[in-house]
J.: 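Right, I'll just put the structure down here and ask away after.
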Amino acid sequence: MTDAAITVEGLRKRYGDVQAVDGVSLTVERGEFYGILGPNGAGKTTTLEMTEGLRKPDEGTVRLLGESPFPRNPALLRRMGVQLQASAFFEKLTAREQIRTFASLYGVPAERADAMLETVGLTEKAGTRENRLSGGQAQRLSIACALVHDPELVFLDEPTTGLDPQARRNLWDLLRAINGEGRTVVLTTHYMDEAETLCDRVAVMDHGRVLRVGAPAELVAELGVDSLEDVFLQLTGREYRQ
Amino acid sequence: MNPKTFASLSRAMALGLLRDRTAAFFMLVFPLMFLVLFGALFKNDSTARAEIVQVGRVEIFDSLPREEREGLEEVLEIRRSDDREKALEEVRAGDVDAVVWQEGDEVRLRYSAADQVRAGNARALVGSVVQQANIAATGQPPAYALTARQVEDESLKAIQFLTPGLLGWAVAMGAVFGSAFTLVNWRKKRILRRLWLAPVSAGTVIAARVGVSVALALVQTAVFLGVASIPYYGLELSGHWWLAVPLVVCGTLAFMSIGLVVGAWAKTEEAANGVAQVVILPMAFLSGAFFPLDMAPAWIRTVSGLFPLTYLNEAMQDVLSRGQSWGAVLPVMGGLLLFAAALTAVAARLFRWDDA
C-alpha cells in the first residue's frame, strides 16, 4: 500500500479507432499540486475521467487515497471533489440553489454551502440563475460546488479556459488557497503560465502518452529552454491540433 | 435513501421544471385551457332539446294532458307564434329546428336539413305525438309500449367525458416531456456524470424524479377535477372517483417510461421534443381523449388498443363518471405498470452517461 494520493498504472482507453489513452502511469503525492498538460486531443480529459472513476479503463489500475474507484465507491466519493470540464449545473437554479443542492448530496448543511459561496466571492450573485452568470462566475461556482464537502482530493478539468486575465488571476489565488489548506489538487490545462505558477509538478501528455514528468523549473532546465511553453512545444511539436 | 438528499433533489427538479415557462405552460396550463374551452363549447351538447315553433292551434299538442306535455317538454321545446312566415325564416336561419301548424286534419312540419340530427329529432318527436294521438283516437289501448332509458347516469354530459380524457392527456404530456427533457438535459449538461461522482444512490435520484412527476400529475388531477366541478361545467363525480389517484400514479409511471426511451435515444432537446410530439399527438387523438371512438373504423380502434392512454382514459371515465370501482381499475393499473417496466428496460438498454 502506497502513501501517494493517486497512483495510476498502465491506463489504456480506446474509442473506436482512436487510442485515446495509451499506457499512462502517474503518481501524485499527498498535498501536491499536479498539472496534466497537453494539446487538444492529447488524452488529458480521458485520463482524468478514468482517474476519477467516471470511465472504466480498458487496461490499467487506479488507486485514489489507497482505494479503487471501481466499482463505484461512495466512501471514496465523499473524499474527492470534481469539477467537470463543462459546468454541470441544474437548469434554472440560482447560484445558491445549485451549491445547496450539491451540498445536500454530500449531507453538508446549507450554511456551509453559503460559506463556500462567500469563499469564491459569489455571495452577491447568490440569487442569479446559472445561465446568467459570467464565464468566470460560473467557473468559480462549479469549483465551489466541487469543494463544498471539504474533499481531500480535488480534480479540476481546464478550470480557467475562456476566462479573462482578471478572472484567471482570481481563480489562481483561489486554487493556491485550496492547495495551501493541504488538499491534493490535480488540474488539466493548456495554459503554460498557469501550470508554471501553480503546479508543483506537471506531466506533459500527447497522443495518449505521458512524455515527461517533473517540476516546471526542472523541465525548463533539463531541456535548456526559456520557459515551460518552450518545453511544451519542444515535446509536442508545432502542428495544429483539432 | 437519505430523505434530505431526496427532498433537495426533488426541489431542484421541480424548480427547474416550473421556472421553464414554456415547458410549464405546455405541460400544465395548455391542457387545462382545452378543458376550459371544450367544456364551455360542449356544455349544452347532451341536452339536445329540439326547439320548434307552433303557429296557431295544433290539436295534438294543445289537447295533451298536462303530465304528458311536461314529459314532452323535457325533450322538445315548443314556442308559440302567430307569424308563420317569420317562423319559417327562423328555421331557415337555423335558430329553431322546425315549424309546426295544422291545416284541417293535417299536421304540417317544416324543418331545415342543415342540422340533420336535430331536424330528425324534431321530426321523430312530432311524428310520435301524431301516432299517439291516432291511437288514442281509435279508443283502443296501445298493443305495445316502449320504455327506453339511457344506461349511464342521466347526467352524462360532455364534461363527464371530457374531464377524464383531457386529464389523461395532460398527465401523459407532463410525464413524457418531463422525463425525456430531464434525461437529455442532464446528459448534455453532464449532471448525470456529476451525480455519479456524488455519494448519492441511483435510487434516490430516480425516486426524486418520479416523485416530482407524480406530484405534478396529482396537482393536475386536483385542478382538473376542481375546475370541472364548478357549477358552470357541472362535473358530477361518481362514488369511487378517488380511484383516479392510483390510476394517475400508474399512468404517470407508464408515460415517464415512454419519456425515458425518448430521452435515452435523443441527443438534443429538440429531437426529444419532436419524437415526444410524434408519440403523444396520435396517442391523444386515437385514445378517445378528445372524442369517443365508438364510431371510428375498426382499424383505428385496433391502433387505439396499443396505446396506454386509451386504457387510462377508459378506466378514468369508469371511476369518475360511470360509478365503477376496483374491478375496472385494477387490470388497467397492472397493465400500465407492466408497460412501464417493459419500456424502462428498453430505456436502460439505450441509456448513455454522455454523448461522447
Side-chain angles (χ1 to χ4, degrees), chain A residues 13 15-16 18 20 45-46 48-49 51-56 64 69 71-94 96-110 113 129-131 138 142 145-146 148-149 151 153 155 157, chain B residues 1-25 27 177-209 212 263 268-269 272-273 352-356:
Chain A
K13 183 78 182 178
Y15 293 124
V18 184
T45 296
T46 307
L48 200 64
E49 287 182 346
T51 310
E52 293 157 358
L54 266 186
R55 290 176 201 281
K56 211 166 163 48
L64 298 179
R72 192 164 173 257
N73 183 342
L76 181 59
L77 292 176
R78 285 182 187 284
R79 301 170 67 190
M80 51 192 266
V82 177
Q83 185 223 12
L84 298 171
Q85 199 168 18
S87 298
F89 294 134
F90 291 100
E91 272 221 315
K92 313 272 175 203
L93 294 199
T94 65
R96 186 189 291 118
E97 287 162 347
Q98 301 284 354
I99 193 161
R100 284 186 175 182
T101 305
F102 280 112
S104 81
L105 299 181
Y106 296 86
V108 170
R129 294 204 190 157
E130 49 67 53
N131 53 337
S142 73
C145 289
V148 73
H149 56 290
L153 199 54
F155 295 94
D157 200 358
Chain B
M1 192 169 80
N2 183 330
K4 268 195 179 164
T5 309
F6 172 78
S8 115
L9 272 177
S10 303
R11 193 181 123 81
M13 293 170 195
L15 284 177
L17 206 66
L18 296 175
R19 282 184 188 163
D20 186 341
R21 297 240 173 90
T22 326
F25 173 80
M27 282 189 255
F177 280 108
S179 62
F181 279 160
T182 303
L183 190 48
V184 172
N185 182 263
W186 282 16
R187 186 173 56 233
K188 245 177 64 180
K189 299 198 84 180
R190 309 205 73 202
I191 295 197
L192 285 179
R193 284 297 194 188
R194 189 62 187 76
L195 288 175
W196 202 95
L197 285 170
V200 53
S201 72
T204 307
V205 179
I206 293 166
R209 190 61 193 80
V212 168
T268 62
E269 274 117 334
N273 182 32
R352 289 162 288 154
W353 280 100
D354 41 36
D355 291 319

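Just so it is clear: chains get the letters A, B, ... in the order the sequence lines come, proteins before strands, and each one is counted from 1.
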J.: Do A:Val82 and B:Arg193 have side-chain heavy atoms sitting under 4.5 Å apart?
T.: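 Counting from C-beta outward, A:Val82 and B:Arg193 never come under 4.5 Å.
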
J.: Chain A heavy atoms under 4.5 Å from B:Asp20: which part of the residue, side chain, backbone, both or neither?
T.: both

J.: Given heavy-atom pairs under 4.5 angstrom as the criterion, report whether the side chain, backbone, both or neither of B:Leu192 touches chain A.
T.: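 Looking at B:Leu192, nothing touches chain A.
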
J.: How many angstroms lie between CD in A:Glu91 and CZ in B:Phe181, if you round to the nearest 0.5 Å?
T.: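 Those atoms lie 10.0 Å apart.
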
J.: Applying ring-ring contact (aromatic ring centres under 6.0 Å, His included), name anything that partners A:Phe89, two or more places apart in sequence or on another chain.
T.: none

J.: Looking only at heavy atoms, what is the nearest atom pair of B:Pro199 and A:Pro74, with distance?
T.: CB-O, 3.7 Å

J.: On a heavy-atom basis, which atom in A:Arg72 and which in B:Ala198 lie closest, and how many Å separate them?
T.: NH2-O, 2.6 Å

J.: Extract all donor-acceptor atom pairs below 3.5 Å that involve side chains of residues 8-15 of chain B and protein atoms in other chains or at least two apart in sequence.
T.:
| residue | atom | partner | partner atom | Å |
| --- | --- | --- | --- | --- |
| B:Ser8 | OG | A:Ser104 | OG | 2.3 |
| B:Ser10 | OG | B:Phe6 | O | 2.7 |

J.: Where does B:Trp186 contact chain A at under 4.5 Å (heavy atoms): side chain, backbone, both or neither?
T.: side chain

J.: So A:Leu84 and B:Leu197, do their side chains get closer than 4.5 Å, heavy atoms only?
T.: yes

J.: Specify the closest pair of heavy atoms between A:Leu93 and B:Arg19, including all atoms of both residues, with the distance to one decimal.
T.: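 Closest approach of A:Leu93 to B:Arg19, heavy atoms only: CA-NH1, 3.8 Å.
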
J.: NZ of A:Lys92 to CG of B:Asn185: how many Å apart, nearest 0.5 Å?
T.: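 That separation rounds to 9.0 Å.
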
J.: Determine the option with the most heavy-atom pairs under 4.5 angstrom with chain A, choosing from B:Leu18, B:Ile191, B:Thr5.
T.: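 Of the options given, most contacts go to B:Ile191.
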
J.: Under 4.5 Å heavy-atom distance to chain B, tell me which part of A:Gln98 shows up: side chain, backbone, both or neither.
T.: neither

J.: Name the region of A:Thr94, side chain, backbone, both or neither, that has any atom closer than 4.5 Å to a heavy atom of chain B.
T.: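 Both parts, backbone and side chain.
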
J.: Would you mind telling me which of B:Arg190, B:Lys189, B:Arg194 has the largest number of heavy-atom pairs within less than 4.5 Å of chain A?
T.: B:Arg194

